[in-house]
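Notes follow once the structure below has been shown.
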Amino acid sequence: MKPYVLTPSQDSFLQPASRIDYEGALNAAQLEVVFSLDGPLLVIAGAGSGKTQTLVYRVARLIEQGVHPSHILLLTFTRRAAQEMLQRVGLLVGGRSDQVRGGTFHSVGNILLRRYGQSIGLDSSFTIMDRSDAEDVIHLLRSEYGLHEKGRRVPRKNTIAEMFSKTVNTLRALDDVIFGDYAHFVELIDDLNHLQKAYQNYKAKHSLVDFDDLLVKLDELLDSEAALHEEISKAFRYMLVDEYQDTNFLQARILQKLASPHNNIMAVGDEAQSIYSFRGATFRNIMDFPNQFPGTRVIKLEENYRSTQPILNLANEVIRGAEESYDKRLFSRRAEGAMPVLVRAEDENAQSRFVVQRILELREEGTALNDIAVLVRSSYQAFDLEIELGKRGISFIKRGGMRLMETAHVKDLLAHLRVVENPHDAVSWNRILMLIEGIGPKKSAQIVAQVVQEASPGPWLVEVARRMRSTGLAAFAGCVEQLNETPTSSPADLLSLASAYYLPILKQRYDDYPKRIRDLDHIQMIAIRYDLLQVFLSDMTLDPPNESVVDSEGELLDNERLVLSTIHSAKGLEWSCVFLLWLLDGKFPSSYSIFSNHELEEERRLFYVALTRAKHLLYLNYPINIYDRQAGAVLSRPSRFLDDVSSTLLDSWVLVDGGMSEYGINDI
DNA sequence: GAAAAGCGAATTTTT
DNA sequence: TTCGCTTTTC
């Protein structure tokens with residue numbers, strides 16, 4: 001293929017038509033944020049208070065003031081958030097916004113470590129492992145170590161990975177984590193310490209880096225050499241951090257190092273919306289910010305531009321019930337609006353039918369489908385609704401929950417490319433080898449131990465296949481040779497080669513292979529956008545496609561799609577109408593969390609986040625008479641978070657079956 | 001001795 | 001739908 005050079009988009013040379021109209025777009029508090037460019041600044045921004053708008057204008061202001069865009073770092077919770085904000089900055093200042101550095105802490109870690117990692121002994125072609133890769137390694141090491149003696153209860157690999165991750169994200173020693181959070185495994189403390197060391201060694205030996213390492217090693221990097229630290233902190237002269245309530249202690253430490261000595265750092269957050277403590281995040285970072293950065297200015301944004309007052313009244317009431325009370329009263333100028341509605345359904349399917357029917361009505365009345373969202377606590381809670389939507393021909397997009405990247409077949413396929421990029425990647429070798437007929441854990445371990453040291457794995461594997469008389473391995477060896485012959489090919493071409501080899505295996509292993517092949521095709525489509533294998537692979541791990549589009553048969557309504565999302569994935573977003581499902585005590589809050597005050601409080605904040613996504617209409621739905629194995633009881637009352645809510649803040653509806661999926665409404 | 005098949009149990013949220 | 005353990009097969 002011939003290279004065809006595309007000239008940069010003309011936009012880059014265009015200047016904005018007129019000067020930026022700050023006063024027309026921002027209120028007084030927001031203006032203060034946008035014009036206080038130097039020194040540490042903490043912005044406490046309530047839900048819907050125009051936080052994104054403010055960030056966008058602040059970046060624009062920096063550029064307008066002559067700060068070079070590449071000296072600005074915008075840290076966000078997801079990469080998508082950064083992209084969207086920078087796109088909006090582009091509307092204000094033109095193409096210069098392309099050069100602003102933006103992304104998550106993890107993606108910044110990735111980029112800096114690729115460039116400077118050698119100074120802390122990290123190979124620049126390292127592979128990023130996701131959680132399930134990490135669990136695979138732990139599983140491997142655990143069996144090798146022989147932790148499972150008779151009669152002893154051994155933590156599951158998932159649990160072990162969680163413990164290890166907690167040590168990093170909460171800056172605690174493994175012993176403390178076990179004593180504090182996993183007291184029932186205290187007797188295994190020595191073994192687990194041993195295992196953690198083994199895990200670290202394994203990663204170092206095979207150039208593997210897990211999510212947490214991206215932070216740990218970045219932190220290390222910033223400490224390694226004074227000159228390097230200076231170079232990096234000079235590169236990011238102005239920093240903006242979004243969703244600060246969902247950062248952890250390690251991230252706060254990294255920030256402090258990145259920002260020193262200039263301290264031109266601004267953090268935005270809302271302690272009432274902290275919902276990632278299971279990942280080590282703590283809203284204490286917000287509280288401590290002024291101590292960490294002496295001279296901090298604090299600005300509060302309290303006016304809500306999103307929701308009507310009746311919705312805010314309910315949200316305020318719910319968060320007021322929190323143990324650690326948040327000094328927060330959102331107010332809106334939209335006094336008028338429909339009351340939020342609490343809807344009781346006889347069972348899950350009645351709940352789904354109600355939602356579908358109401359959505360169809362709203363659409364009749366002129367609400368766009370993509371201005372409606374259905375939110376759930378955990379993704380499986382939407383399954384029944386998905387079926388119902390399918391029946392009625394409503395297309396939707398689903399966010400959160402089971403991710404494409406986590407599926408076995410996608411991981412299998414990508415593993416073949418990962419060993420091309422990083423031949424030391426033992427997890428991927430192991431994964432691929434285990435797919436081959438006649439190769440199990442033992443054989444695989446033997447081969448992996450050798451192959452990671454081979455300069456040319458292809459010919460070596462051919463030889464091994466001949467010795468073993470394994471046709472499966474021979475086929476694989478051929479595939480490896482092909483892939484390595486053309487390492488400069490595009491990711492898409494390499495993927496095609498790997499697919500050709502993998503497809504027969506896929507068909508043999510899974511009865512539902514047609515569905516899985518479609519997933520692989522989807523990955524193939526994404527790969528086309530990339531030139532570099534390394535970038536493609538990193539992105540697939542750090543920023544995986546986590547949306548699945550389910551189109552109804554036939555009619556495609558001008559790209560209009562309903563959004564189904566977990567509450568976690570709905571963070572920062574808003575819709576005209578929001579349905580909240582499964583608002584049943586025992587489901588939300590889930591019966592897992594009701595024994596811990598700490599977790600219960602987080603569930604309450606999660607509920608608050610869900611409520612504040614709605615602009616005009618809010619439906620809180622709960623089915624009754626649901627048997628819950630966890631609780632060992634039939635659940636039938638609405639979430640306890642509504643216990644103290646006055647009945648004047650909510651309408652109550654009871655669904656009455658009118659046959660033929662009709663519903664009637666009785667006011668109580 | 002190692003791999004494959006078979007069975008019961010458990011299942012939040014995500015970079 | 002996958003995890004961890006047990007039984008069966010090679």
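In what follows, every chain begins at residue 1, and chains take the letters A, B, ... in the order their sequences are listed.
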message = Looking at A:D270 and A:Q245, would you say the former's side chain and the latter's main chain have a donor-acceptor pair under 3.5 Å?
response = no
Contiguous pairing runs of three or more, Watson-Crick or G-U under 3.5 Å, that involve DNA chain B = B:1-10 with C:1-10
message = Ring-plane angle category for A:Y619 and A:F579, please: parallel below 30°, perpendicular beyond 60°, tilted otherwise.
response = parallel
query = Parallel under 30°, tilted from 30 to 60°, perpendicular over 60°: which one fits the rings of A:Y276 and A:F77?
reply = tilted
Classify the nucleic acid contact of [X] as base, sugar-phosphate or nothing, counting any heavy atom under 4.0 Å across all strands shown.
{"X": "A:F105", "result": "nothing"}
{"X": "A:I275", "result": "nothing"}
{"X": "A:S593", "result": "nothing"}

With a 4.0 Å cutoff (strictly under), does any side-chain N or O of [X] reach OP1 or OP2 of [N]?
{"X": "A:T566", "N": "B:dT14", "value": "yes"}
{"X": "A:S569", "N": "B:dT14", "value": "yes"}
{"X": "A:K443", "N": "B:dA2", "value": "no"}
{"X": "A:S379", "N": "B:dT12", "value": "no"}
{"X": "A:Y592", "N": "B:dT11", "value": "yes"}

side-chain contact (heavy atoms from CB on, under 4.5 Å) evaluation trace for A:K443 with A:L473 = CA-CA 11 Å; A:K443 260 270 132 38; A:L473 189 56; over 6 Å; no
ask   = Using a distance-only test with no angle check, is there a side-chain donor-acceptor pair under 3.5 angstrom linking A:D384 and A:S352?
value = yes
key: Nucleotide nearest A:E599 (side chain, heavy atoms from C-beta), chosen from C:dG4, B:dT12, B:dA3   = B:dT12
Using atom names, set out every protein N or O paired with an N or O of nucleotides 6-10 of chain C below 3.5 Å, distance rounded to 0.1 Å.
none

note = Rounded to whole Å, the CZ-P distance (A:F383 to B:dT12) equals 12 Å
query = Between A:E406 and A:R131, is there a side-chain N and carboxylate O pair less than 4.0 Å apart?
reply = no
message = Taking atom types as they are modelled, would you say the side chain of A:R403 forms a donor-acceptor pair with the base of B:dT14 within the 3.5 Å cutoff?
response = no
